[in-house]
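First the proteins, then the strands, lettered A, B, ... as listed; each starts at 1. If you're wondering where the values come from, they're calculated on a predicted model, not measured in any experiment.
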There are 2 protein chains.
Amino acid sequence: MLKNFQEIAVETPVDKIIGQIRGLISSGQLNPGDRLPSERKLAEKLGVGRTHVRDAIAKLEFYGILKTLPQSGTIVEGIGITALEGLITDVLKLEKSEFVDLVETRALLETQAARTAAKRRTMEDIINMKNALDAYEAKVRNGLPAVAEDLLFHLTIAEAGRNTVLKSLMLIITPDIVKNFTKLDVCKDGRFYRSLEEHKVILKYIVNQKPELAAKAMEDHLQDVTDYSKTLKMEDNH
Amino acid sequence: MLKNFQEIAVETPVDKIIGQIRGLISSGQLNPGDRLPSERKLAEKLGVGRTHVRDAIAKLEFYGILKTLPQSGTIVEGIGITALEGLITDVLKLEKSEFVDLVETRALLETQAARTAAKRRTMEDIINMKNALDAYEAKVRNGLPAVAEDLLFHLTIAEAGRNTVLKSLMLIITPDIVKNFTKLDVCKDGRFYRSLEEHKVILKYIVNQKPELAAKAMEDHLQDVTDYSKTLKMEDNH
DNA sequence: GTTCAATTTTTGGTCAACCAATTTGTAGGA
DNA sequence: TCCTACAAATTGGTTGACCAAAAATTGAAC
């Protein structure tokens with residue numbers, strides 16, 4: 001019963017401040033290029049500690065909304081975006097990611113990574129991918145779990161794709177993927193052997209510079225993994 | 001001449017600490033689930049202030065590597081990923097995103113968003129997209145810049161796509177897109193009218209539930225915008 | 001020998017004071 | 001009148017101390 005009251009107060013001070021600053025910007029009181037009030041003034045005005053104000057500014061800086069200049073002030077950098085309803089705060093909730101969304105998005109990114117890797121891979125990239133694949137194979141043949149090695153292979157492909165943004169996004173969702181997969185215990189039985197073969201096919205197409213075939217192979221591979229994890233999930237429920 | 005010396009010291013304390021923690025994890029001294037040494041201990045061990053340790057932990061928490069439990073400790077959440085060579089530090093450099101990478105990745109995400117939106121859009125989604133489009137049109141017809149309204153339309157499409165992960169990733173790269181586009185002053189002349197027509201086509205296909213046509217329309221639209229910004233860039237260089 | 005509760009210790013969260021760099025204001029000289 | 005040099009005020013950066021909550025420890029009761 002008392003929990004209801006706590007729920008209200010659950011809005012952390014930082015979120016509260018972010019809301020306030022966003023309000024100032026969207027209401028036009030703060031425009032791009034303007035200087036924010038000093039941290040002290042803000043803290044006093046909002047009735048919170050300066051630490052909270054600093055944390056809030058740090059988060060907004062992360063998203064390119066603000067830019068803080070040492071010993072000078074904090075300025076508004078990002079335009080209008082902040083006016084777009086409550087969207088900004090939503091970014092902070094990537095953890096609630098539905099599993100199916102995660103898999104769908106991962107497939108999208110990885111397929112594209114394989115496609116561009118086939119176009120742009122250098123000799124060095126090929127060596128890196130080969131090494132990652134060998135490390136994966138070694139673990140599998142010894143019957144050891146190889147989730148990390150699996151993902152490392154995929155990330156070297158992203159590396160070969162030569163798209164820093166795409167790679168960054170993959171890195172952002174990777175922890176969530178790992179979390180879900182270890183939960184499902186994908187390690188058991190001979191699943192890994194099939195995965196290994198599929199990895200080899202993907203690498204072959206990338207080496208031979210066949211973008212669409214590489215993309216297709218990656219798509220099929222991820223489809224396999226997804227199907228497999230779904231069967232495991234069903235076993236869980238019986 | 002003196003700048004060279006500064007360059008060396010440019011490694012901020014936070015980056016240094018991130019490197020140290022990464023070292024601990026990749027060397028196997030810290031495994032997923034383990035508790036990190038307390039902030040105080042780390043600060044003393046590394047010879048820096050506790051604030052820096054907190055900042056570093058906050059950044060790593062942002063990417064799902066660590067998870068801090070209030071009054072309890074900080075644990076390692078992401079598995080093996082951190083063992084993957086210097087990849088983690090690269091995540092933090094999303095701002096150096098090459099413009100071409102950004103555009104390429106945006107196109108990938110938006111195209112997929114349009115495709116799924118055409119499959120899953122509800123009546124409410126249609127209303128939201130229509131409203132966003134109207135707001136855009138109103139600004140354009142008054143000769144006002146409408147970058148924010150433009151992006152809002154795109155984001156409502158992502159919303160209609162019903163993939164929280166995809167939407168989150170789009171939100172992450174949006175500030176960078178805005179930054180680059182306002183820099184190029186895309187606002188002048190009648191470019192917006194053409195954009196408006198393209199938006200209408202995209203919406204039409206989404207409403208009529210034609211996934212592939214919607215995806216193609218979005219792809220063409222973004223290709224147009226990209227080409228246009230390239231011509232502006234060339235004008236800049238003359 | 002085991003269990004449970006009280007107490008001590010450790011933890012991350014918060015705050016207020018201090019520091020160095022920057023900016024701003026001002027007075028003096030050309 | 002304008003410019004320069006210097007000082008005062010303001011800024012974000014950093015530190016150490018304090019707080020409440022969670023863990024770990026201890027010891028008494030059974």
Item to complete: Please assess A:Asp125 against A:Arg162 for the test salt bridge (Lys or Arg N to Asp or Glu O under 4.0 Å), listing each intermediate value before the final yes or no.
Response: CA-CA 10 Å; A:Asp125 293 327; A:Arg162 293 270 174 286; 3.1 Å; yes

Practice prompt. With side chain to side chain contact (heavy atoms under 4.5 Å, CB included) as the test, would you mind laying out the steps for B:Thr116 and A:Glu104 before giving the verdict?
Written response: CA-CA 11 Å; B:Thr116 55; A:Glu104 182 178 289; 3.8 Å; yes

Practice prompt. Compare side-chain N and O positions of B:His52 against OP1 and OP2 of D:dG13 and report whether any pair is under 4.0 Å apart.
Written response: no

Set out, line by line, the N/O atom pairs under 3.5 Å between protein and nucleotides 5-12 of chain D.
unit_1 : atom_1 : unit_2  : atom_2 : d
D:dG12 : OP2    : A:Glu39 : N      : 3.1
D:dG12 : O4'    : A:Gln71 : N      : 3.2
D:dG12 : N7     : A:Arg40 : NH2    : 2.8
D:dG12 : O6     : A:Arg40 : NH2    : 2.6
D:dG12 : N2     : A:Gln71 : NE2    : 3.0
D:dG12 : N3     : A:Gln71 : NE2    : 2.8

Discussion item. Using whole Å, what does the distance between atom P of nucleotide C:dA17 and atom CD of A:Glu44 come to?
Written reply: 13 Å

Worksheet item: When the ring planes of A:His199 and A:His221 are compared, do they come out parallel, tilted or perpendicular, using 30° and 60° as the limits?
Response: perpendicular

Item to complete: Can you sort out the partners of A:Glu110 under side chain to side chain donor-acceptor pair (under 3.5 Å), two or more places apart, ordered by chain and number?
Response: A:Arg106, A:His154

Fill in: Distance in angstrom units between B:Leu42 CG and C:dT10 P, rounded
16 Å

Item to complete: Provide, to the nearest angstrom, the distance between the CG atom belonging to B:Asp55 and the C1' atom belonging to D:dT15.
Response: 13 Å

Worksheet item: Applying salt bridge (charged side-chain N to carboxylate O under 4.0 Å, His left out), which residue pairs with at least one partner in residues 41-53 of chain B are found, sequence neighbours left out?
Response: B:Glu39-B:Arg50

Worksheet item: Taking the side chain as C-beta and beyond, is there a heavy-atom pair between A:Leu166 and B:Asp101 under 4.5 Å?
Response: no

